[in-house]
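Along the sequence shown, residues carry numbers from 1.
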Amino acid sequence: MNHIYCPECGFQSPATANYCPRCGALITAETGAETTMSFDLESGGDDPDATLASGMLTGPALVVRSGGGMAGQAYQPGAGRTLIGRSPECEVFLDDVTVSRRHAELERVDDTFAIRDLGSLNGTYVNRRRIESAVLENDDEVQIGKYRLTFLLR
């Protein structure tokens with residue numbers, strides 16, 4: 001029997017599988033054909049500083065660095081509370097099963113930003129430490145589920 005490996009978790013699956021039985025990721029079979037990739041060096045890619053410097057953002061932002069094919073996407077928190085989660089009603093919508101429907105909230109008080117976990121199953125991490133709540137500083141890394149985001153104040 002032929003096997004293929006999941007691109008997300010590396011699990012060995014039958015060659016006929018469309019989705020990984022372990023993590024549920026889409027499995028695409030290699031066709032053996034050559035592919036061409038192009039890169040736009042001017043766009044800055046998933047560098048959060050480049051996204052901010054490009055003039056698209058002014059002020060504080062959460063920039064997705066990796067996870068879910070959303071690298072480079074930026075969210076600017078409004079005044080008060082910004083809800084983060086898997087529910088489409090959330091201001092920061094992270095669509096993945098590793099994110100709770102109402103995972104965390106970002107609270108803005110004057111020029112200070114604090115993030116608070118809302119009892120999520122997988123937890124919220126700031127600079128690789130699990131937190132219940134934390135005050136965010138410039139360039140802090142926030143991890144929610146499989147998403148890694150950078151908090152920028154510039």
Enquirer: Looking only at heavy atoms, which two atoms of N138 and L152 are closest? And how far apart?
Expert: OD1-CA, 3.4 Å
Enquirer: Does the side chain of T150 come within less than 4.5 Å of D140's, by heavy atoms?
Expert: no
Enquirer: Between P77 and A61, which heavy-atom pair has the shortest distance, and what is it?
Expert: CD-CA, 4.1 Å
Enquirer: Verify the neighbour count for atom CZ of R102: are there more than 12 heavy atoms of other residues, nucleotides or ligands below 6.0 Å?
Expert: no
Enquirer: I need the minimum non-hydrogen distance between I84 and C90, along with the two atoms involved.
Expert: C-SG, 4.0 Å
Enquirer: Quick check for you: to the nearest 0.5 Å, what is the distance between L106 atom CG and T82 atom OG1?
Expert: 5.5 Å
Enquirer: Considering all heavy atoms of both residues, which atom of V63 and which atom of A74 are nearest to each other, and what is their separation?
Expert: CG2-CB, 4.0 Å
Enquirer: In Å and rounded to the nearest 0.5 Å, what is the CG to CZ distance from L136 to F151?
Expert: 5.5 Å
Enquirer: Do T98 and D96 have side-chain atoms, one donor and one acceptor, less than 3.5 Å apart?
Expert: yes
Enquirer: Check whether V97 and V64 end up in the same hydrophobic cluster, where Ile, Leu, Val, Met, Phe, Trp and Tyr are linked by side-chain heavy atoms less than 4.5 Å apart.
Expert: no
Enquirer: Does some side-chain heavy atom of I131 sit less than 4.5 Å from a side-chain heavy atom of I115?
Expert: yes
Enquirer: Which atom pair, heavy atoms only, marks the closest approach of I144 to A104?
Expert: CD1-CB, 4.4 Å
Enquirer: Any salt bridge linking R116 with E107? Criterion: basic side-chain nitrogen under 4.0 Å from a carboxylate oxygen.
Expert: no
Enquirer: Would one find more than 12 heavy atoms of other residues, nucleotides or ligands at under 6.0 Å from atom CZ of R101?
Expert: no
Enquirer: Tell me if a side-chain donor or acceptor on N122 pairs with a main-chain N or O of G145 at a distance below 3.5 Å.
Expert: no
Enquirer: CG of L149 to CG of L94: how many Å apart, nearest 0.5 Å?
Expert: 6.0 Å
Enquirer: Just verifying a value: how many Å separate Q76 CD and R108 CZ, rounded to the nearest 0.5 Å?
Expert: 9.5 Å
Enquirer: Are any non-hydrogen side-chain atoms of R128 and E141 less than 4.5 angstrom apart?
Expert: yes
Enquirer: Which one of R65, H103, M70 satisfies the side chain to side chain contact (heavy atoms under 4.5 Å, CB included) criterion with Y147?
Expert: M70
Enquirer: With hydrophobic residues grouped by side-chain heavy-atom distances under 4.5 Å, do L153 and L62 end up in a single group?
Expert: yes
Enquirer: Is the closest side-chain heavy-atom distance between D95 and R86 below 4.5 Å?
Expert: yes
Enquirer: Please round to the nearest 0.5 Å and tell me the distance separating atom OG1 of T124 and atom CZ of R129.
Expert: 16.0 Å
Enquirer: Ignoring hydrogens, what is the shortest heavy-atom contact between F113 and P60? Give both atom names and the distance.
Expert: CZ-CG, 3.4 Å
Enquirer: Check whether D110 reaches the backbone of T112 with its side chain - one donor and one acceptor, N or O, closer than 3.5 Å.
Expert: no
